[in-house]
Amino acid sequence: MTNRQHVSIEMSDGVRLAATLYLPDDAGDTAAPWPAVLEALPYRKDDVTGHARSEYVRLAEAGYVLCRVDVRGTGSSEGVATDEYPAIERTDMATVIDWLATQPWSLGTIGMYGYSYSGFNSIQIAMERPPALKAIIPIYATDDRYGDDVHYYGGVVKQLDQIDYPTYMIAMNALPPAPPVYGDGWREEWTRRLDATEPWILTWLEHQRLDDYWKAGSLFVDYEAIECPTMIVAGWADGYRNNSLRSFERLTCPKRLVIGPWAHASTDTSLPGPNHDLIPEHIRWWDRWLKGVDNGIDRESPIVLFAQRSTLPAPDRAEVRGEWRYEPAWPAERLTPTEWKLADAVAGPDRDADGPDELAVRGDVGHTAWISCAGVMPWGQPDDQRPDEVYSLTYAWDPLDRELEILGQARVRVRITSSAPVAFLSAKLCDVFPDGTSSLVARGMLNLAQRSSREHPSALMPGEPVDVELVIETTSWTFEPGHRVRLDLAGTDWPNAWPPPEPVTLGIDRASASLELPVLDGPSPVTERPSMLPPFLDDAGSGSGSGGSDDDGEVRWSVTHEALTRTTSANAGSTFVDEATDTVPAMRSHYDGVVSVSTVDPGRAIARGEAAFEMQWAEATVTSRAECTIESDATTYRTTIDLLVHEDGEERFRRRWERAIPRDLT
């Protein structure tokens, strides 16, 4: 049994943050004092994510106080949400951790965890080393805010992610504090919030190269900053997968990695699966480092991974084939980087035997791969890659006569020419089945202006060859006998990333080009297999995790080609309706987005998103709607944002932002 309490925690500047505590009953084996586990998020604990309760109850029943906090300026907390992961948030969370450690019921040991945003700030707070923080579990988070988040991809502005998440957050941050929780004065606090609202996306677009803005809160700057034990949870279908092996290798603290087939969603319900309940693993980690229980988790093989193998593609693929196993270390001793020469591959049709291989870049190539950060629908999985391969340079090697297993990051090394000063290179590693089906294994992208430096990009000299290395996202995959390894090269990865600023032709010197695969030679030296528990589903069929909605609701996803206007558009949308319960109000959320690109001039691209919320409290019914449009040409991203808020059918707030932001070699 647990009890639930709303509390208010005062920060050093007087701003009060709203928190919800899930406490064990003070009886039996769970008698106080207790350790506490903190989850800090901007996604409104009292309504938008208020249904995700089973996980918190389970932690409380295991003898932990689970504390959920709305970060400054969001949900029922005071203040203004100026950006994601601002410096003040790290200061605030250090204060919250100290508050938790000094409560009468507290054992004085605190853990921090969470999915996505809460995983990011778990890493960031751990880098600050507050004394009471003894362990973290970042889930679907990353060590590189510039390179592996929803903003940029290989130095290229993301397109679909750059419009959906920011629009969603503009509308959400315009909602008032939850009146039943905040109490008297909620309208006044809401007014202060609305008057100070600034869309985060404007800041993101103004920082188009790696700089101090992105380094703040990025672990790659100093992996040794984290000293507390860290268990990373990652998914092969998630956009933050690169953090997994990379951070594990570089962290010097006690560490553990669990990486499964999952997308950016609960491990209990993710598409793809297999699905599993990880809360018992969380509790083992907390027991060891917050309670001091010698349960042996720190002596086990530290890497638990799902080794994927050849699986047919589908946007709603339920499972990836494979098996769970342990790895004792990373890099693995049996890892053998193996070079595959493009000159030894069978090149695509209409290719000069001696090269160079030339490709007139088409702006809409990439739509069969969809976006790199899969999650709940409509953010689904890749389909058969053959429609994109028609407009790509493809290189396929002979059918395999035995299994080929890879683990880690593949690398593409090419000598390339460009007809324009700014161009991009996209690479997709594919598994080609005997019937010709092309299944995406992993992908990567590189803004060629950042070929030597992400901090100091430089334009290309048209026609002048340059040697570049493109790193493909980390993966696990076994290609089965009779299958072929195929590499697809293109100049766009749309709608995942923004197309280049003008028409461009790329040239690849096939004779000097290669694909390096991270090949595993032989089985893991650990023969014992992990015991993975079946998914935990509550009465409503939802899982424990809060990493995305577990109910697909009404979703829309389509790609259309307009022959006469020479444009391709991708449309995605969703509508979710939640009935009122004893803890959350009735609410409705809606998102519609469309991105389009010219097939003859990739610089002409548009992204439009609309996000809306309706909250029905006893005190008021509030709606907020945000519309965001980004339109590009060869030189500029033109952004228009409209926000409209109503209370009980009457207009409460209206504002428009317009900004023309120069393209900075992107």
Side-chain angles (χ1 to χ4, degrees), residues 8-19 40-48 69-93 95-96 117 120-121 124 151 162-163 165-179 181-207 213 216-217 609-615 617 619-620 622-630 639-648 650-659 661:
S8 183
I9 306 173
E10 186 171 342
M11 301 296 103
S12 59
D13 60 357
V15 167
R16 302 189 68 83
L17 302 189
L41 69 167
Y43 305 134
R44 301 185 61 91
K45 66 181 178 62
D46 298 312
D47 37 60
V48 174
V69 173
D70 285 332
V71 299
R72 179 180 292 245
T74 70
S76 300
S77 290
E78 296 175 350
V80 177
T82 58
D83 198 355
E84 61 174 5
Y85 321 123
I88 190 64
E89 187 174 302
R90 297 191 287 279
T91 301
D92 287 348
M93 290 309 110
T95 300
V96 172
Y117 193 108
F120 273 80
N121 60 27
Q124 293 162 11
H151 316 104
Q162 192 75 290
I163 199 71
Y165 177 69
T167 308
Y168 185 76
M169 291 310 299
I170 294 166
M172 189 186 297
N173 286 342
L175 293 170
V181 176
Y182 191 92
D184 293 342
W186 68 269
R187 282 191 179 86
E188 290 76 11
E189 184 63 28
W190 185 23
T191 297
R192 286 190 288 272
R193 183 178 295 183
L194 289 172
D195 289 343
T197 294
E198 284 293 325
W200 298 350
I201 188 174
L202 298 176
T203 301
W204 302 340
L205 282 174
E206 288 170 345
H207 295 267
Y213 172 80
E610 176 188 314
F613 288 92
E614 179 181 293
M615 299 291 181
W617 294 287
E619 295 83 351
V622 173
T623 61
S624 67
R625 187 179 81 245
E627 297 180 2
C628 182
T629 300
I630 307 173
T639 304
T640 303
I641 300 168
D642 288 291
L643 176 62
L644 182 61
V645 180
H646 284 81
E647 179 183 350
D648 293 330
E650 298 292 327
E651 183 176 312
R652 175 69 187 265
F653 182 85
R654 178 190 294 266
R655 187 170 175 189
R656 164 171 282 201
W657 294 264
E658 293 181 293
R659 193 80 55 88
I661 301 173

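Since the model is a prediction, treat every value here as computed from it, not as a measurement.
- Look at Arg187 and Glu619 and you find no salt bridge, because none of the NZ, NE, NH1 or NH2 atoms lies under 4.0 Å from a carboxylate O.
- Among residues two or more places apart in sequence or in another chain, the side-chain contact (heavy atoms from CB on, under 4.5 Å) test is passed with Glu658 by Thr640, Arg656.
- The aromatic rings of Tyr213 and His207 lie parallel to each other, with less than 30° between the two planes, well short of the 60° mark.
- When side chains are defined from C-beta on, Met93 counts as touching Val69, because their heavy atoms get closer than 4.5 Å.
- In this structure a side-chain-to-backbone donor-acceptor pair under 3.5 Å is present from Asp70 to Lys45.
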- Task: In sequence, state the C-alpha distance, the side-chain angles, and the governing distance for Ile641 and Thr167, and then conclude on side-chain contact (heavy atoms from CB on, under 4.5 Å).
- Result: CA-CA 9 Å; Ile641 300 168; Thr167 308; over 6 Å; no
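- Proximity of a side-chain donor or acceptor of Trp657 to a complementary backbone N or O of Leu202 within less than 3.5 Å is not detected.
- When every heavy atom of Trp204 is checked against every heavy atom of Pro166, the shortest pair comes out as CZ3-CG, 3.6 Å.
- Among all heavy-atom pairs drawn from Val622 and Val645, the shortest one is CG1-CG1, 4.4 Å.
- For the residue pair Ala216 and Arg90, the shortest heavy atom distance occurs at CB-NH2, 4.3 Å.
- For the pair Tyr168/Glu610, no side-chain contact is recorded, criterion being any heavy-atom separation below 4.5 Å from C-beta on.
- The closest side-chain heavy-atom distance from Tyr165 to His151 is not below 4.5 Å.
- A donor-acceptor contact shorter than 3.5 Å links the side chain of Tyr117 to the backbone of Tyr85.
- Environment of CZ in Arg192: crowded, with over 12 heavy atoms of neighbouring residues, nucleotides or ligands closer than 6.0 Å.
- Separation of atoms OG1 (Thr629) and CD1 (Ile163) is listed at 6.5 Å; rounding is to 0.5 Å.
- Distance check: Met615 CE to Arg44 CZ gives 5.5 Å after rounding to the nearest 0.5 Å.
- When atom types are taken as modelled, the side chain of Asp83 and the backbone of Thr203 share no donor-acceptor pair closer than 3.5 angstrom.
- Expressed to the nearest 0.5 Å, how far CD of Glu189 lies from OG of Ser77 amounts to 9.0 Å.
- The OG atom of Ser12 sits 7.0 Å away from the CG atom of Asp92 when rounded to the nearest 0.5 Å.
- A salt bridge links Arg72 to Asp13: one of the charged nitrogens lies within less than 4.0 Å of a carboxylate oxygen.
- Taken from CZ in Phe653 to CD in Glu647, the straight-line distance is 14.0 Å, to the nearest 0.5 Å.
- A 6.0 Å sphere centred on CG of Asp195 holds more than 12 heavy atoms belonging to other residues, nucleotides or ligands.
- Put simply, CD on Gln162 and CD1 on Ile201 are 4.5 Å apart, with the number rounded to the nearest 0.5 Å.
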- Query: Hey, mind stepping through Arg16 and Glu10 against salt bridge (Lys or Arg N to Asp or Glu O under 4.0 Å) and telling me if it holds?
  - Reply: CA-CA 4 Å; Arg16 302 189 68 83; Glu10 186 171 342; 3.0 Å; yes
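- Distance alone, capped at 3.5 Å, is enough to place a donor-acceptor pair between the Ser624 side chain and the Ala171 backbone.
- The shortest non-hydrogen separation linking Pro42 to Thr74 is CA-OG1, 3.5 Å.
- Scanning both residues, Ala40 and Asn121, for their nearest heavy atoms gives O-ND2, 3.0 Å.
- A salt bridge between Glu206 and Arg659 is present, with a side-chain N of the basic residue lying under 4.0 Å from a carboxylate O of the acidic one.
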